[in-house]
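One structure is given below, encoded as structure tokens.
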Amino acid sequence: MHGLNPEKLPRHLAIIMDGNGRWAQERMLKRIIGHQRGVETVRVIVEESSRLGIKYLTLFAFSAENWLRPKTEVKSLMALLKKYIRIETARMIDSNIRFNVIGNLNELPPDVNEAVQEAIDRTSRNGGMILTLALSYGARQEILMAAGRIAEDLASGSLSRDNLDEKLFSSYLFTSDIPDPDFLIRTSGEMRISNFLLWQLAYTELYFSDVNWPEFKANELYRALRDYQSRERRFGRTSAQLQNRS
Ligand code: FPP
């Protein structure tokens, strides 16, 4: 079948879904058609990840910088997002998936925000996979926000300098309830992080696929996960040290 070891799956899988526009342009189609096909891939990958037993799946759906795209594309992407969230909420409930978002939500149109909040509320008691969409998300903005709030808490005395360590800093990020990603996939052959989870990716295994997002289906996910399972994660230690650990 997929040849995966269920014991060695990433606990947290993060994906930069790239190449919708190019997929469409290569076929003389409008970019939005690429995004529509991209949504179909989102459905497949969410379902497959949940079925495999991945606990956290985080998808980069819209970056803080994506607001700079042509107005018509931004509008269509927002409409697609709202439609996806509305339609998929029922399926998430059936699959025991908990919906979550990270990013600067107050920049989203109010109707998208409402759909987001409703999906969060209606899935809040689900105990299966936690699906996080990054919406209007930028990692530098997130780190700055955390630094600002830490500065405020230091000034007010609710936080002391001695308590400021990596764990505490992490608790000020959007991802405070989510472990760092074990594995990051980026599709469409681009080899960049593009302001995604900069703090959280410190020890993440990276995987770049040449396949455009609309064509990244279950087999491509298995291929990526098999690659992940063949790697040795050392977190700065030596191989020998890892082998001697019980
Ligand atoms: C990258 O393709 C993709 C995006 C900017 C957005 C991803 C959005 C979707 C898959 C659809 C909506 C999301 C959900 C979760 C329903 P690109 O346009 O940057 O492609 P290009 O680099 O080839 O132009």
Side-chain angles (χ1 to χ4, degrees), residues 13-50 54 56-92 95 97-105 107-109 111-120 123 129-139 174 184-197 207-218 220-221:
L13 167 64
I15 307 182
I16 301 178
M17 312 180 285
D18 198 8
N20 292 345
R22 269 162 293 158
W23 180 89
Q25 276 158 349
E26 281 163 15
R27 289 160 181 77
M28 307 296 204
L29 300 168
K30 291 198 173 126
R31 293 176 58 82
I32 188 63
I33 309 284
H35 294 312
Q36 284 167 0
R37 296 296 287 264
V39 175
E40 288 171 31
T41 301
V42 171
R43 285 202 181 99
V44 171
I45 298 300
V46 167
E47 209 159 291
E48 204 53 39
S49 302
S50 152
I54 288 174
Y56 299 88
L57 174 67
T58 301
L59 303 176
F60 203 2
F62 195 87
S63 75
E65 293 73 25
N66 283 153
W67 294 112
L68 301 173
R69 290 193 173 197
K71 268 204 181 77
T72 49
E73 184 170 341
V74 170
K75 228 176 136 195
S76 321
L77 271 170
M78 288 297 135
L80 267 183
L81 266 169
K82 184 172 133 185
K83 191 168 153 204
Y84 169 84
I85 294 167
R86 288 242 191 271
I87 293 177
E88 293 305 301
T89 304
R91 209 195 294 224
M92 288 187 236
S95 311
I97 293 172
R98 178 140 62 92
F99 183 72
N100 180 40
V101 287
I102 55 173
N104 202 346
L105 298 186
E107 285 177 1
L108 295 173
D111 58 330
V112 178
N113 228 328
E114 264 168 42
V116 163
Q117 294 309 331
E118 194 184 318
I120 292 175
T123 62
M129 186 176 82
I130 293 151
L131 167 64
T132 302
L133 291 191
L135 296 177
S136 192
Y137 173 85
F174 292 130
L184 172 78
I185 297 173
R186 181 172 187 148
T187 60
S188 89
E190 305 289 349
M191 299 202 199
R192 291 187 290 274
I193 299 298
S194 298
N195 205 17
F196 189 45
L197 301 174
Y207 180 91
F208 300 97
S209 164
D210 284 333
V211 176
N212 286 325
W213 181 248
E215 295 195 322
F216 192 91
K217 295 288 159 63
E220 295 301 330
L221 177 67

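Here, residue 1 is the first one in the sequence, and each next residue gets the next number. When a ligand or atom number is given, it counts from 1 through the structure's own listing order.
Here the heavy atom of the protein found nearest to atom 20 (O) of ligand 1 is Gly21 N, 3.0 Å. At the top of the distance list for atom 14 (C) of ligand 1, counting protein heavy atoms only, stands Leu81 CD2, 3.9 Å. Given atom 2 (O) of ligand 1, the protein heavy atom at minimum distance is Asn20 N, 3.3 Å. What sits closest to atom 1 (C) of ligand 1 on the protein, heavy atoms only, is Met17 O, 3.1 Å. In terms of protein heavy-atom proximity, atom 8 (C) of ligand 1 is nearest to Ala61 O, 3.7 Å.
In this structure a side-chain-to-backbone donor-acceptor pair under 3.5 Å is missing from Trp23 to Gly34. Side-chain N or O atoms of Thr187 include none that pairs as donor or acceptor with a backbone N or O of Ser209 at under 3.5 Å.
Of the candidates Glu190, Arg69, Gln36, the one placing a heavy atom closest to atom 17 (P) of ligand 1 is Arg69.
Residue Arg31 has at least one heavy-atom neighbour below 4.0 Å for each of these atoms of ligand 1: 17 (P), 18 (O), 24 (O). With ligand atoms numbered from 1 in the order given, ligand 1 contributes 11 (C), 18 (O) to contacts under 4.0 Å with heavy atoms of His35. Using a 4.0 Å cut-off to heavy atoms of Asn66, the atoms of ligand 1 that qualify are 5 (C). Under a 4.0 Å criterion applied to the non-hydrogen atoms of Tyr84, ligand 1 contributes the atoms 16 (C). Per-residue contacts place Val39 under 4.0 angstrom from the following atoms of ligand 1 (heavy atoms of the residue considered): 11 (C), 12 (C), 16 (C). Within the listing of ligand 1, atoms 10 (C) sit less than 4.0 angstrom from a heavy atom of Trp213.
Around CZ of Arg22, the count of heavy atoms belonging to other residues, nucleotides or ligands within 6.0 Å exceeds 12. Counting heavy-atom neighbours within 6.0 Å of Lys217 NZ, excluding the residue itself, gives a total above 12.
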Q: Give the C-alpha distance, both sets of side-chain angles, the deciding distance and a yes or no for side chain to side chain donor-acceptor pair (under 3.5 Å) between Trp67 and Ser136.
A: CA-CA 8 Å; Trp67 294 112; Ser136 192; 2.8 Å; yes

Q. Could you walk me through whether Glu40 and Arg43 pass the salt bridge (Lys or Arg N to Asp or Glu O under 4.0 Å) check?
A. CA-CA 5 Å; Glu40 288 171 31; Arg43 285 202 181 99; 5.8 Å; no

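Note on Glu215 versus Arg27: salt bridge recorded, some NZ/NE/NH1/NH2 to OD/OE distance being below 4.0 Å.
In this structure, Phe62 falls outside the shell of residues with a heavy atom less than 4.0 angstrom from ligand 1. Judged by the shortest distance from any of its heavy atoms, Gly19 lies inside the 4.0 Å radius around the atoms of ligand 1. Ligand 1 has no atom lying under 4.0 Å from any heavy atom of Lys83.
With contacts defined as side-chain heavy-atom distances shorter than 4.5 Å, the pair Leu80/Gln36 qualifies. Looking only at side-chain heavy atoms (C-beta outward), Leu133 and Phe99 come within less than 4.5 Å of each other.
When heavy-atom distances to ligand 1 are checked against a 4.0 Å cut-off, Leu80 has no atom that comes that close, whether in backbone or side chain.
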